[in-house]
Chemist: 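Have a look at this one.
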Amino acid sequence: MPKYDFRKIEPKWQKKWLSERLYEPDLKSAKKPFYNLMMFPYPSAEGLHVGNMYAFVGSDIYGRMKRMQGYDVFQPIGLDGFGIHSENYALKIGTHPMDQSKISQERFYKQLEEIGNGFAWDEKLETYDPKYYKWTQWIFTQMFKNGLAYRKRQAVNWCPKDLTVLADEQVVGGKCERCGAEVIKKDLEQWFFRITKYADKLLANLEKIDWSERVKIAQKNWIGKSEGALIKFKIQNSEFEIEVFTTRPDTLFGATYMVLSPEHELIKNQESRIENLEEVKKYIVTVGKKSETERVAEGKEKTGVELKGIKAVNPANKEEIPIFVADYVLSSYGTGAIMAVPAHDERDFEFAKKYNLPIKMVICPNYPAPVCPILDAAYVDSGYLVGSGEFDGLPAEKAKWEITKFVHGKRKVQYRLRDWLVSRQRYWGVPIPMIHCEKCDWQPVPEKDLPVELPHIKNFRPKGKGESPLASDKSFYETKCPKCGGKARRETDVSDTFLDSAWYYIRYPSVNVENSSLKIGNSKLEIPWNSEITRRWLPVSLYTGGAEHSVLHLLYVRFMAMVFHDWGLLDFEEPFPKFRAHGLLIKEGAKMSKSKGNIVNPDFYIKEFGADTLRMYLMFLAPFEQGGDFRDASILGISRFLERVWKLGNSEFKKFSSEQLLHKTIKKITEDIENLHYNTAISALMILLNAFESDGVSQKQFETFLKLLAPFAPHVTEEMWHGLGNKTSVHKEGWPQHDKKLIQDETILFIVQINGKHRATIGAVAGLPQEEAETLVRQDEKVGKLLANREIKKIIFVPDRLINFVLE
RNA sequence: GGGCGAGUAGCCGAACUGGUACAGGCGCACGGCUUAGAACCGUGUUUCCGUAAGGAUAUGUGGGUUCGAAUCCCGCCUCGCCCACCA
């Protein structure tokens, strides 16, 4: 018997598959397209993380079964190589990202090949390839032309370590998603994408897509829809008004003061009337220096300053109320100002207590209530109106819209979602293709001049002055205005990496074909993909990836698809009708991280045990969607399993007695893979192998077994398949079908219970009616004894399964 | 603070729609093979009583529904993930 030499077998088949283009579907004319996609990785030269491998293998197993089921499976691969991640790595080891990317790319692709996935290598793409980012830039210019990209000055998230601004989605718990540094606010003018325009659709479409529930919930909360009203408050002795957004217009009569965010325009506007201007300004400056986390940490103790000398008027009861500025009101949500109703809002209550402001109760749990309860906390539940003039006695829900009408307010739906900040003051990214001209303002770079190539500049280190390193390269930024031809300056910021990944899945099938064009009047506009191919292959059949991208990539990518759809470039709105989040792979109970030094490098395990063993081990740990704990010790179980398979396939065949078990296993494995329950599928293979070893196996049965094992262990199965005299790849074989008749049991085991307790197990033929089953069971000696002289109150009968005698 | 999810053997985990709780693997123990060890093969492995047959007991915890609950309902405890002053 030859030795199971995976070190020879695995590279041999990998080469062969590649040269035979085994995993390349016919993109132009495939009859049963199945686009199986896993989120592409961002590479660093440290190489593929075992967590990446876990995710890719899980996706591959599904794709392999689909291929064997007769689908034309397209499983492309590429690199999300632009961005802070790769740039920081280059900074750390002292290389240039442009050179480093070539090294990382080679290493990553080599590793991805070694894990034995069925990738369509011909269509690989890298986001830092000018051929690719030409179109990322094209998308940017179209966004601008369609009014979906705009510039705005506002307080934005700034990472003091990575020296760039960040989108809200990239600030996690007040910290930079990439480096973990405390994020502070900076007042800067930046490029934004108008994702809020699609808030409603992004939310509504969630109902239509089949996604892991936890990801849908995360998106729903992030979008954060709330219904309320816009209400205007007049400023005493002034033309100025303050507009507020509230979800509780029913409590308007209880508004005893107002609060503005530190950035609110009224403060500048009314500067001359504010008596304590110095104090106010000082407060605003102090607040501006605080980081997000400091604000949250101090959140329990609210701070604020009254704007002395000016008052607002409550439009409901015309009472004069004071105005405060406080940082618990955010400039970026609603109108940046609130009406404070301390009796019915926890935050306002706390603030009012601290500054000794009146607390007026206007909602009572009961009506007519002789006395309203004395508040030691805000009463935030619903009830009936009191102290609200003509509205007294109305249920709060009803009063909401009547009061809004009474004060000429407007109903308004407000989203928590903010526009997507896409500028980055870094080097390693897609240059934003915009030109600024003193005369003509902002102009997009004309399509014919794309791409705007990222120059190889020596000093790419971020500068931290709110400018990208590109701003020091005169030859880059000096240009002419595309409109008037005058002297102009290029935008020197780059765009967010998440823009690169927001459309890659459309590009894959079109990598090697000609792009389509749109007719606009008499001219043609080339678009970034081929429409015919796109119609055949998209949307993606199954998308797999990490749940950590719930409100990042997975939100942006949906937004962009909706935009393309509205431009007539795609005929679907949702890019991924089915998405599954895989679990997190941890190591000995702890998260893998560089700082802990416990990152598992797959190379070592592939060398030591083989890719097939590592693949199966990873999948056997726990359900794929749950994640798993990598422990060295238990990899031996799989290693033994494959050795035994090898041994069995190299010994003499004879007929296996239970054809039934084989067919039950076919059914189970098919269902398990469909549901990504790879751990139980592997366990079913083990059970079958155990049976083969004790009862024997025919060649035909063993070949079926190899097909079932093929998605998990593609190399060894291919080797043995050919060893049995087959000339074509096992991965192109038809997936085994179970025989429905064969899996029906002829005999079953009856569970006999007395008072719900298991007392005996009795074999019987299947399909026995209750009476016969009862007779049979009573004949049993033990059961007979237990039932002797007892009164039977009731008998519960579950066909072919159980009979329960209930006594007295 | 809010939302979501989970708690089964020494460990990872299985259990369809409520119907034999713990499949499969790891580990461990004993035995075989071997000069010896590794590897490999076999047997056993919730806990308690019992030589055994068998019996009792057991799915974080306390209740409830049911002939019957890991599964459904309510309270509590613990852990994980996400969000977090969003008016």
Side-chain angles (χ1 to χ4, degrees), chain A residues 172-174 213-222 224-226 228 244-249 251 255 259 261 292 295-296 298-300 302 326-330 332-341 344-348 350-351 414-418 547-548 550-551 581 583-584 586 588-589 591 616-617 620-623 626-638 640-641 643-644 647 668 671 677 679-690 693 749-761 782 793-798 800-807:
Chain A
V172 179
E213 203 54 32
R214 53 185 160 143
V215 174
K216 281 212 233 180
I217 290 166
Q219 289 212 353
K220 196 176 161 195
N221 292 342
W222 188 261
K225 182 179 180 170
S226 41
V244 301
F245 171 73
T246 176
T247 54
R248 295 295 303 273
T251 63
V259 189
S261 65
E292 287 273 330
R295 277 197 182 195
V296 173
E298 293 166 9
K300 284 168 201 151
K302 293 193 172 22
D327 69 346
Y328 81 91
V329 173
L330 310 172
S332 52
Y333 184 78
T335 62
I338 61 157
M339 63 179 213
V341 185
H344 305 291
D345 181 281
E346 281 166 13
R347 293 151 300 180
D348 298 342
E350 197 188 310
F351 193 83
Q414 182 71 43
Y415 295 95
R416 185 189 174 287
L417 183 71
R418 316 286 154 84
E548 70 275 14
S550 297
V551 295
L584 192 70
I586 57 172
E588 319 255 341
K591 229 178 188 168
M616 284 190 79
Y617 171 61
F620 186 55
L621 287 172
Q626 182 188 306
D629 192 354
F630 193 103
R631 284 170 195 265
D632 282 5
S634 26
I635 197 167
L636 284 173
I638 296 290
R640 283 174 198 149
F641 170 77
E643 286 282 358
R644 281 163 55 205
K647 204 168 140 194
K668 171 147 183 67
E671 287 167 1
H677 293 166
N679 57 332
T680 48
I682 292 171
S683 127
L685 285 165
M686 287 172 168
I687 293 169
L688 190 59
L689 178 71
N690 289 344
E693 281 177 339
L749 289 176
F750 258 110
I751 313 302
V752 182
Q753 293 186 338
I754 291 172
N755 284 341
K757 287 216 157 127
H758 179 213
R759 287 297 174 217
T761 308
K782 193 178 158 195
K793 215 169 107 189
K794 202 172 163 188
I795 296 173
I796 309 283
F797 179 73
V798 183
D800 285 350
R801 195 180 281 270
L802 166 142
I803 185 158
N804 183 10
F805 296 94
V806 185
L807 304 180

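Numbered from 1 within each chain, the chains take letters A, B, ... in sequence-line order.
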Chemist: My understanding is that only residues two or more places apart in sequence, or in another chain, count here; which of them pass side-chain hydrogen bond (donor to acceptor under 3.5 Å, both in side chains) with A:R416?
Modeler: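 Testing A:R416 for side-chain hydrogen bond (donor to acceptor under 3.5 Å, both in side chains), a comparison that skips the adjacent residues, returns none.
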
Chemist: Looking at the side chain of A:R759, which of B:G55, B:C85, B:G25 is the nearest nucleotide?
Modeler: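 Of all the options, the side chain of A:R759 is nearest to B:G55.
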
Chemist: Can you tell me the Watson-Crick or wobble partner of B:U65, both distances under 3.5 angstrom?
Modeler: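 B:U65 is paired with nothing.
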
Chemist: Rounded to whole angstrom units, what separation is found between the CD1 atom of A:I586 and the P atom of B:A6?
Modeler: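 Rounded to whole Å, this separation is 17 Å.
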
Chemist: Could you state the CD1-P distance from A:I751 to B:G19, rounded to the nearest angstrom?
Modeler: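 Taking atom P of B:G19 as the reference, CD1 of A:I751 is at 12 Å.
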
Chemist: In whole Å, I'd like the distance from the CG atom of A:L584 to the C1' atom of B:G80.
Modeler: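 The distance from CG of A:L584 to C1' of B:G80 comes to 11 Å, rounded to the nearest Å.
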
Chemist: Would you please test A:R248 and A:V341 for side-chain contact (heavy atoms from CB on, under 4.5 Å) and show each step?
Modeler: CA-CA 9 Å; A:R248 295 295 303 273; A:V341 185; over 6 Å; no

Chemist: Among the candidates B:C11, B:U20, B:G3, find the nucleotide nearest to the side-chain atoms of A:T761.
Modeler: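 Closest nucleotide to the A:T761 side chain: B:U20.
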
Chemist: So A:N690 and A:R644, do their side chains get closer than 4.5 Å, heavy atoms only?
Modeler: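 Yes; the side chains approach each other to less than 4.5 Å.
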
Chemist: Using both distances under 3.5 Å as the test, list the Watson-Crick or G-U wobble partner of B:G27, or none.
Modeler: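 Partner of B:G27: B:U45.
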
Chemist: Provide a list of protein-nucleic acid N or O atom pairs under 3.5 angstrom, restricted to nucleotides 13-17 of chain B.
Modeler:
| residue | atom | partner | partner atom | Å |
| --- | --- | --- | --- | --- |
| B:G13 | OP1 | A:Q626 | NE2 | 2.9 |
| B:G13 | O3' | A:N679 | ND2 | 3.4 |
| B:A14 | OP1 | A:N679 | ND2 | 3.1 |
| B:C16 | N4 | A:R801 | NH1 | 3.0 |
| B:C16 | N4 | A:R801 | NH2 | 3.4 |

Chemist: What is the nucleic acid contact for A:V172, judged by heavy atoms within less than 4.0 Å: base, sugar-phosphate only, or nothing?
Modeler: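 Here A:V172 touches the backbone only, sparing every base.
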
Chemist: Tabulated below should be each protein N or O lying under 3.5 Å from an N or O of nucleotides 37-41 of chain B; please produce it.
Modeler:
| residue | atom | partner | partner atom | Å |
| --- | --- | --- | --- | --- |
| B:C40 | OP1 | A:R640 | NE | 3.2 |

Chemist: A:K220: which residues meet the side chain to side chain contact (heavy atoms under 4.5 Å, CB included) condition with it, sequence neighbours left out?
Modeler: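 Residues passing side chain to side chain contact (heavy atoms under 4.5 Å, CB included) with A:K220: A:L203, A:L206.
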
Chemist: For nucleotides B:C48 and B:A9, find the distance between their P atoms and express it as a whole number of Å.
Modeler: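 Going atom to atom, P in each nucleotide, I get 15 Å.
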
Chemist: So what's B:C40 paired with, Watson-Crick or G-U wobble, going by both distances under 3.5 Å?
Modeler: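 Per the H-bond distance test, B:G32.
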
Chemist: In terms of side-chain heavy atoms of A:V798, which of B:G19, B:A23, B:A56 is nearest?
Modeler: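 Selected nucleotide (nearest to the side chain): B:G19.
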
Chemist: Write down the distance between CD (A:E213) and P (B:G5), rounded to a whole number of angstrom.
Modeler: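 In whole Å, B:G5 P lies 8 Å from A:E213 CD.
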
Chemist: Step through the shown structure and confirm whether more than 12 heavy atoms of other residues, nucleotides or ligands are within 6.0 Å of CD on A:E346.
Modeler: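 Atom CD in A:E346 is not crowded, with 12 or fewer foreign heavy atoms closer than 6.0 Å.
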
Chemist: Nearest whole Å is fine: how far is B:C11 C1' from A:R631 CZ?
Modeler: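 So the two atoms are 7 Å apart, to the nearest Å.
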
Chemist: Any idea which of B:A87, B:A23, B:C83 is nearest the A:I338 side chain?
Modeler: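 Closest nucleotide to the A:I338 side chain: B:A87.
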
Chemist: Write down the distance separating the C1' atoms in B:A87 and B:G5, rounded off to the nearest Å.
Modeler: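 Pairwise C1' distance, B:A87 against B:G5, rounds to 29 Å.
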
Chemist: If you restrict it to nitrogen or oxygen atoms, what contacts under 3.5 Å exist between nucleotides 66-69 of chain B and the protein, and what is each distance?
Modeler:
| residue | atom | partner | partner atom | Å |
| --- | --- | --- | --- | --- |
| B:C67 | OP1 | A:K794 | NZ | 3.4 |
| B:C67 | O2 | A:N804 | ND2 | 2.4 |

Chemist: Taking only residues two or more places apart in sequence or in another chain, which ones pass ring-ring contact (aromatic ring centres under 6.0 Å, His included) with A:Y617?
Modeler: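 Result, ring-ring contact (aromatic ring centres under 6.0 Å, His included) vs A:Y617: A:F630.
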
Chemist: Assuming nearest nucleotide by heavy-atom distance, tell me which of A:G637 and A:R214 is located more 5' along RNA chain B.
Modeler: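 Mapping each residue to its closest nucleotide by heavy atoms, the 5'-most match is A:R214.
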
Chemist: Residues in side chain to side chain contact (heavy atoms under 4.5 Å, CB included) with A:E671, at least two apart?
Modeler: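 Listed in chain order: A:K667.
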
Chemist: If pairing requires Watson-Crick or G-U wobble contacts with both distances under 3.5 Å, which nucleotide is the partner of B:U51?
Modeler: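 Base partner found: none.
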
Chemist: Sequence neighbours excluded, which residues qualify as ring-ring contact (aromatic ring centres under 6.0 Å, His included) partners of A:Y333?
Modeler: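 Testing A:Y333 for ring-ring contact (aromatic ring centres under 6.0 Å, His included), a comparison that skips the adjacent residues, returns none.
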
Chemist: Please give the nucleotide sitting opposite B:A87 as a Watson-Crick or G-U wobble pair, both distances under 3.5 Å, or none.
Modeler: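 Partner of B:A87: none.
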
Chemist: With a 3.5 Å limit on both atom pairs, tell me what B:C4 is paired to, counting Watson-Crick and G-U wobble, or say none.
Modeler: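 Across all strands, the one nucleotide that pairs with B:C4 is B:G80.
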
Chemist: Could you tell me how far B:C82 sits from B:C30 if I compare only their C1' atoms? Round to whole Å.
Modeler: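 Their C1' atoms lie roughly 49 Å apart.
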
Chemist: Please state how far atom CZ in A:R248 lies from atom C1' in B:A87, giving the value in whole angstrom units.
Modeler: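 The distance from CZ of A:R248 to C1' of B:A87 comes to 11 Å, rounded to the nearest Å.
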
Chemist: Taking the nucleotide of RNA chain B with the nearest heavy atom to each, does A:V551 or A:S634 sit closer to the 5' end?
Modeler: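 The answer here is A:S634.
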
Chemist: Only counting residues at least two apart or in another chain, list the ones meeting side chain to side chain contact (heavy atoms under 4.5 Å, CB included) with A:I586.
Modeler: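 By the side chain to side chain contact (heavy atoms under 4.5 Å, CB included) rule, A:I586 matches A:L584, A:D629.
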
Chemist: What is the distance, to the nearest angstrom, from the CD1 atom on A:I635 to the P atom on B:C12?
Modeler: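 After rounding, the reported distance stands at 18 Å.
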
Chemist: With a non-hydrogen cut-off below 4.0 angstrom, is A:D348 in contact with a base, only sugar-phosphate, or nothing?
Modeler: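 Nothing, no nucleic acid heavy atom in range.
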
Chemist: Going by side-chain hydrogen bond (donor to acceptor under 3.5 Å, both in side chains), name the residues that satisfy it together with A:T247, two or more places apart in sequence or in a different chain.
Modeler: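 For A:T247, no residue satisfies side-chain hydrogen bond (donor to acceptor under 3.5 Å, both in side chains) once neighbours in sequence are set aside.
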
Chemist: For the P atoms, the ones on B:C33 and on B:G42, what distance do you get once it is rounded to whole angstrom?
Modeler: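 Rounded to whole Å, the distance is 15 Å.
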
Chemist: Using the P atoms only, state how far B:C16 lies from B:G60, rounded to an integer number of Å.
Modeler: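 One P to the other, the span is 16 Å.
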
Chemist: Got a donor-acceptor contact below 3.5 angstrom from the A:N755 side chain to the A:L807 backbone?
Modeler: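 Checking the backbone N and O of A:L807 against the side chain of A:N755, a donor-acceptor pair under 3.5 Å is found.
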
Chemist: Could you work out the separation of B:G54 and B:G13 based on their P atoms and round it to a whole Å?
Modeler: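 Result for the P pair: 34 Å, nearest Å.
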
Chemist: Taking the C1' atom of each, how far is B:G18 from B:C40, in whole Å?
Modeler: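 About 44 Å, rounded to a whole number of Å.
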
Chemist: Can you tell me if the side-chain N/O atoms of A:R416 get under 4.0 Å from OP1 or OP2 in B:A84?
Modeler: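 For B:A84, OP1 or OP2 has a side-chain N or O of A:R416 closer than 4.0 Å.
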
Chemist: If you compare all heavy atoms of A:Y328 against all heavy atoms of A:D348, which two are closest, and at what distance to 0.1 Å?
Modeler: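 The pair with the smallest heavy-atom distance is OH-OD1, 2.9 Å.
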
Chemist: Answer with base, sugar-phosphate or nothing: what part of the nucleic acid does A:S226 contact at a heavy-atom distance below 4.0 Å?
Modeler: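 Sugar-phosphate contact only - A:S226 comes under 4.0 Å of backbone atoms but never of a base.
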
Chemist: If pairing requires Watson-Crick or G-U wobble contacts with both distances under 3.5 Å, which nucleotide is the partner of B:A70?
Modeler: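 Pairing partner: none.
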
Chemist: Can you list everything that forms a side-chain hydrogen bond (donor to acceptor under 3.5 Å, both in side chains) with A:Q414? Sequence neighbours excluded, please.
Modeler: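 Checked A:Q414 against side-chain hydrogen bond (donor to acceptor under 3.5 Å, both in side chains); zero matches.
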
Chemist: Measuring from A:L749:CG to A:L802:CG, what's the distance to the nearest 0.5 Å?
Modeler: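 Here the interatomic distance stands at 12.0 Å.
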
Chemist: B:U59 and B:A69: how far apart are their C1' atoms, nearest whole angstrom?
Modeler: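 About 11 Å, rounded to a whole number of Å.
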
Chemist: Counting only side-chain heavy atoms from C-beta out, which of B:U20, B:G25, B:C83 sits nearest to A:H758?
Modeler: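 The answer is B:U20.
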
Chemist: Closest to the A:K591 side chain: B:C81, B:C83, B:U20?
Modeler: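 Nearest nucleotide to the side chain: B:C81.
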
Chemist: What's the CG-P distance between A:N690 and B:U43, to the nearest Å?
Modeler: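 Going from CG in A:N690 over to P in B:U43 covers 10 Å.
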
Chemist: Test of understanding: with side-chain hydrogen bond (donor to acceptor under 3.5 Å, both in side chains), list the residues that count as partners of A:E643, not counting sequence neighbours.
Modeler: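 A:E643: no side-chain hydrogen bond (donor to acceptor under 3.5 Å, both in side chains) contacts found.
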
